[in-house]
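Since we're looking at a predicted model, the values are computed, not measured.
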Amino acid sequence: MISASNAHSTVAIQPAGPGHARLVTALVNALTDQAPAGVEVEREMTIRLDPRNRPEPDLLVTTAPYDPDRTFYTPDDVLLVVEVASPESTHRDRTVNLRKYAEAAIPGYRRVEEEDGLPVVHAYELDGPTRLYAPSGVHRHELRTPTPFTIDIDLDKLVPGRRS
């Protein structure tokens with residue numbers, strides 16, 4: 001277990017299991033295969049929202065060019081954030097992260113949760129004037145969306161041993 005703390009609180013961060021890691025890897029691979037030129041998919045890189053706030057989503061989609069020395073992205077570089085929820089992160093992914101990324105004006109947010117052993121994607125799009133996310137769909141079995149680029153993923157195939 002990793003412990004993160006600041007002057008106000010300590011948060012225990014449980015390591016995610018192999019199912020979480022495999023799902024993140026499968027999503028990174030699927031999105032990378034479909035990303036157009038000029039769009040990169042990164043895993044576990046922080047986003048510098050402000051000098052004291054650098055969350056690390058499971059993956060992000062960015063327009064920033066690849067830089068092997070990069071240690072963070074800024075919200076202006078990020079098109080989409082994806083969080084794969086685990087028992088320890090579900091509440092945070094549904095509330096705190098949803099609010100933080102919207103306030104930073106990141107155009108898209110996807111939260112992946114497990115339902116009956118399969119991934120379900122909860123999609124959100126930014127409403128610019130309010131800087132709030134509006135739900136844009138719940139995707140079971142297949143994720144098809146035109147934003148931030150054309151995405152078509154068989155979600156059932158992301159789980160080892162499951163083939164539709």
Side-chain angles (χ1 to χ4, degrees), residues 1-4 9-36 39-47 49 53-63 66 72-73 75 77-104 106-127 132-164:
M1 178 170 48
I2 299 169
S3 179
S9 64
T10 299
V11 176
I13 302 171
Q14 299 287 334
H20 179 274
R22 283 184 177 213
L23 185 54
V24 172
T25 298
L27 283 167
V28 168
N29 291 339
L31 290 171
T32 299
D33 288 347
Q34 296 178 30
V39 174
E40 300 289 335
V41 180
E42 296 290 347
R43 178 184 182 137
E44 299 167 349
M45 285 286 293
T46 62
I47 303 171
L49 302 181
N53 201 355
R54 279 178 56 168
E56 183 180 300
D58 290 310
L59 65 100
L60 60 83
V61 175
T62 180
T63 54
Y66 173 74
F72 67 89
Y73 289 92
D77 295 328
V78 180
L79 300 174
L80 174 68
V81 169
V82 180
E83 293 283 10
V84 176
S86 64
E88 296 81 16
S89 74
T90 300
H91 176 73
R92 184 175 57 251
D93 292 339
R94 289 177 178 175
T95 59
V96 176
N97 289 340
L98 187 72
R99 178 184 50 79
K100 282 183 180 183
Y101 296 135
E103 289 174 355
I106 294 172
Y109 180 76
R110 306 292 184 267
R111 186 182 68 253
V112 184
E113 295 188 5
E114 181 270 331
E115 183 177 282
D116 298 325
L118 294 170
V120 174
V121 177
H122 298 263
Y124 299 86
E125 301 298 327
L126 185 68
D127 176 49
L132 296 171
Y133 282 127
S136 60
V138 177
H139 303 268
R140 292 174 177 84
H141 308 293
E142 186 170 53
L143 173 61
R144 280 190 176 182
T145 180
T147 59
F149 51 86
T150 301
I151 296 170
D152 188 355
I153 299 173
D154 183 336
L155 297 172
D156 295 352
K157 287 185 179 179
L158 298 178
V159 179
R162 297 293 278 253
R163 300 289 179 246
S164 58

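Leu118 CG to Arg140 CZ: the interatomic distance, rounded to the nearest 0.5 Å, is 10.5 Å. Taking CZ from Arg111 and CZ from Arg94, the interatomic distance works out to 5.5 Å, rounded to the nearest 0.5 Å. Taking CD of Glu40 as the reference point, atom CE of Met45 lies at 11.5 Å (rounded to 0.5 Å). In this structure, Glu103 CD and Leu132 CG are separated by 8.0 Å, a value rounded to the nearest 0.5 Å. For the atom pair Ile151 CD1 and Leu80 CG, the distance stands at 6.0 Å (nearest 0.5 Å). Between atom NZ of residue Lys100 and atom CZ of residue Arg92 there is a gap of 9.0 Å, rounded to the nearest 0.5 Å.
Annotation for Ala104 and Pro75: closest pair O-CB, 3.4 Å, computed over non-hydrogen atoms. Taking every heavy atom of both residues into account, Leu27 and Val84 meet most closely at CD1-CG2, 3.9 Å. For Glu83 against Pro57, the heavy-atom pair with the smallest separation is OE2-CA, 3.3 Å. Tyr73 and Glu42 make their closest contact through OH-CG, 3.1 Å (heavy atoms, listed as atom of the first residue, atom of the second, distance). Between Phe149 and Val61, the shortest heavy-atom contact is CE2-CG1, 3.8 Å.
The side-chain hydrogen bond (donor to acceptor under 3.5 Å, both in side chains) check on Asp93 picks up Ser89, Asn97, with sequence neighbours excluded. Scored by the salt bridge (charged side-chain N to carboxylate O under 4.0 Å, His left out) test, Glu114 finds no partners at all (sequence neighbours excluded). With sequence neighbours excluded, no residue satisfies side-chain hydrogen bond (donor to acceptor under 3.5 Å, both in side chains) with Tyr109. Among residues two or more places apart in sequence or in another chain, the salt bridge (charged side-chain N to carboxylate O under 4.0 Å, His left out) test is passed with Glu44 by none. Qualifying salt bridge (charged side-chain N to carboxylate O under 4.0 Å, His left out) partners for Arg54, counting only residues two or more places apart in sequence or in other chains: none. Residues that satisfy the side-chain contact (heavy atoms from CB on, under 4.5 Å) test with Asp152, not counting sequence neighbours, are Gln34, Glu142, Arg144. For the side-chain contact (heavy atoms from CB on, under 4.5 Å) test, residues two or more places apart in sequence or in another chain that qualify with Pro55 are Leu49, Asn53, Tyr101. Among residues two or more places apart in sequence or in another chain, the side-chain hydrogen bond (donor to acceptor under 3.5 Å, both in side chains) test is passed with Thr150 by none. With sequence neighbours excluded, the residues that form a side-chain contact (heavy atoms from CB on, under 4.5 Å) with Leu155 are Pro119, Val121, His139, Leu143, Ile153, Leu158. Every side-chain contact (heavy atoms from CB on, under 4.5 Å) that Thr25 has, sequence neighbours left out, goes to Asn29, Arg43. Checked against side-chain hydrogen bond (donor to acceptor under 3.5 Å, both in side chains), His141 has the following partners two or more places apart in sequence or in another chain: Asp156.
Thr62 places a side-chain N or O within 3.5 Å of a backbone atom of Asp77 that can act as its donor or acceptor partner.
Side chains of Glu125 and Thr147: a donor-acceptor N/O pair is present below 3.5 angstrom, by distance only.
Side-chain contact between Val138 and Val120: present, with at least one pair of heavy atoms (C-beta onward) separated by less than 4.5 Å.
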>> Between Leu126 and Ile106, does the side chain to side chain contact (heavy atoms under 4.5 Å, CB included) criterion hold? Intermediate values first, please.
In response: CA-CA 7 Å; Leu126 185 68; Ile106 294 172; over 6 Å; no
